[in-house]
Colleague: 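My questions will all concern the structure given below.
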2 protein chains.
Amino acid sequence: MVRAGLTPHLLTRAGAELADEVGFDQVTVSELARRFDVKVASLYSHVRNSQDLKTRIALFALEELADRAADALAGRAGKDALVAFANVYRDYGREHPGRAAAARLRLDPETAAASAGVRHAQMTRAILRGYDLTEPDATHAVRLLGSVFHGYAGLETAGGFSHSAPDSEETWVRILDALDALLRNWPTEPTTP
Amino acid sequence: MVRAGLTPHLLTRAGAELADEVGFDQVTVSELARRFDVKVASLYSHVRNSQDLKTRIALFALEELADRAADALAGRAGKDALVAFANVYRDYGREHPGRAAAARLRLDPETAAASAGVRHAQMTRAILRGYDLTEPDATHAVRLLGSVFHGYAGLETAGGFSHSAPDSEETWVRILDALDALLRNWPTEPTTP
DNA sequence: GTATTTACCTAAAGTCTTTAGGCAAATACA
DNA sequence: TGTATTTGCCTAAAGACTTTAGGTAAATAC
């Protein structure tokens, strides 16, 4: 009996690929076992259960995304950094829709706190150093940017903007222009309607 | 044998409640049958399959949300309208997390085109009449607002902002201030970094 | 070279989905 | 009002995924 050489990490990687092919919520322990030509029960030595597998894929995607973002930020500042950072999210979502969906998985607080999601927030904060924001406005802005990237990716893969003018690419560029303008001119005092 | 009096709409409503209780992706035909004290197979006369049920719940949530938004917009304009509209999304997500998740379900293009999602976009566009935006900027702005509401709701229910200062409520208010400022001062020409 | 650990296996029970075909209640209609 | 049709819910059954328990052989330790 030749062993397959499974490891949690190997299963996670394969799960991420599977997610990109069939969609994150179609990822199943059974299908993974099939791909490794191994019986289903065997995977349960490496992964606690189906939920655990999905969480691992999510964490993997967050790491991968944070690595790419860190790369993109190197040597950039200001709008240049903002655009590069934002494009990482967008490109990742297009290139790896399943992993991107995984990165949006709801994690329980401790898991989230130990995830690369923290690095994402730190990098977003770093970008804001190119703008004149003090606390708590910086935090508000971090959350706004997170929402936009998250939300845009979700709507785009949900087909929200496809097949309608203007084209999604143009909107993306203009949204980044708008966010840059907003960050340069962040309203510190609530405006009265 | 007393009949249960099932209808697609009844099942959809019950499914929406179930989603709020256990989470949208835990909604199952079996559990629904159990709640109506009816055999599982019976539901298949009213609903094509599990996916169909979920789609119906999503469409129901979109309608409900659009109705609330329309109500909130009545008699309001400018920032007042923007805030009221945004709060509808936020409150809905807090009150009905399962339905809100359903409203984010990926629908196929035709279904989406026939859904209340169209009304949402129209209402967003109506809000922008309170600001000085011409096409294609209005469309870009509609998409930005959609992304922010979508994304913020997702991050908030994912626990992204909980247990950290400043409080999510404050961020929400300040983000709306920021969006209002942005819409009043939308950059028509790409800025150079 | 034996002992222990580890990787994968078989077996089995539980859940959910979905289809096929049947009987009885509701409804239509003479 | 009595018969005919439709419709709603049922039983039965097959297929897929999850998960646990306990076994055997391969890898590793010493």
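Chain letters run A, B, ... following the sequence lines, proteins first and then strands; every chain starts at 1.
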Colleague: Does Thr28(A) make a side-chain N or O approach to OP1 or OP2 of dA16(D) shorter than 4.0 Å?
Modeller: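 Checking dA16(D) against Thr28(A), no side-chain N or O comes under 4.0 Å of OP1 or OP2.
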Colleague: Restricting to side-chain contact (heavy atoms from CB on, under 4.5 Å), what partner residues turn up for Thr171(A), sequence neighbours left out?
Modeller: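 With neighbours one apart ignored, the set is Tyr152(A), Pro166(A), Ile175(A), His140(B), Arg143(B).
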Colleague: Are the ring centres of Phe24(A) and His96(A) closer than 6.0 Å?
Modeller: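 No - the distance between ring centres of Phe24(A) and His96(A) does not fall below the 6.0 Å cut-off.
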Colleague: Checking all strands, does Ser30(B) fall into the base, sugar-phosphate, or nothing category for heavy-atom contacts under 4.0 angstrom?
Modeller: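 The residue Ser30(B) makes base contact.
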Colleague: Give, ordered by number, those residues of residues 32-52 of chain A having at least one heavy-atom distance below 4.0 Å to an atom of DNA chain D; if nothing qualifies, reply none.
Modeller: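 Nucleic-acid contacts, sorted: Arg34(A), Val40(A), Ala41(A), Tyr44(A), Asn49(A), Ser50(A).
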Colleague: For the pair His120(B) and Tyr89(B), evaluate ring pair (Phe, Tyr, Trp, His ring centres under 6.0 Å) and give the outcome as yes or no after the intermediate values.
Modeller: CA-CA 11 Å; His120(B) 290 254; Tyr89(B) 279 87; 5.8 Å; yes
Colleague: Hey, are Asn87(A) and Trp172(A) close enough side-chain-wise for a donor-acceptor pair under 3.5 Å?
Modeller: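 A pair is found: one side chain offers a donor N or O, the other an acceptor, under 3.5 Å apart.
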Colleague: Asp25(B) CG to dC16(C) P: how many Å, rounded?
Modeller: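 Atom-to-atom, Asp25(B) to dC16(C), this comes out as 14 Å.
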Colleague: Using 4.0 Å as the upper bound for N to carboxylate O, is an ion pair formed by Arg68(B) and Asp71(B)?
Modeller: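 Between Arg68(B) and Asp71(B) there is no salt bridge, as every charged N stays at least 4.0 Å from the carboxylate O atoms.
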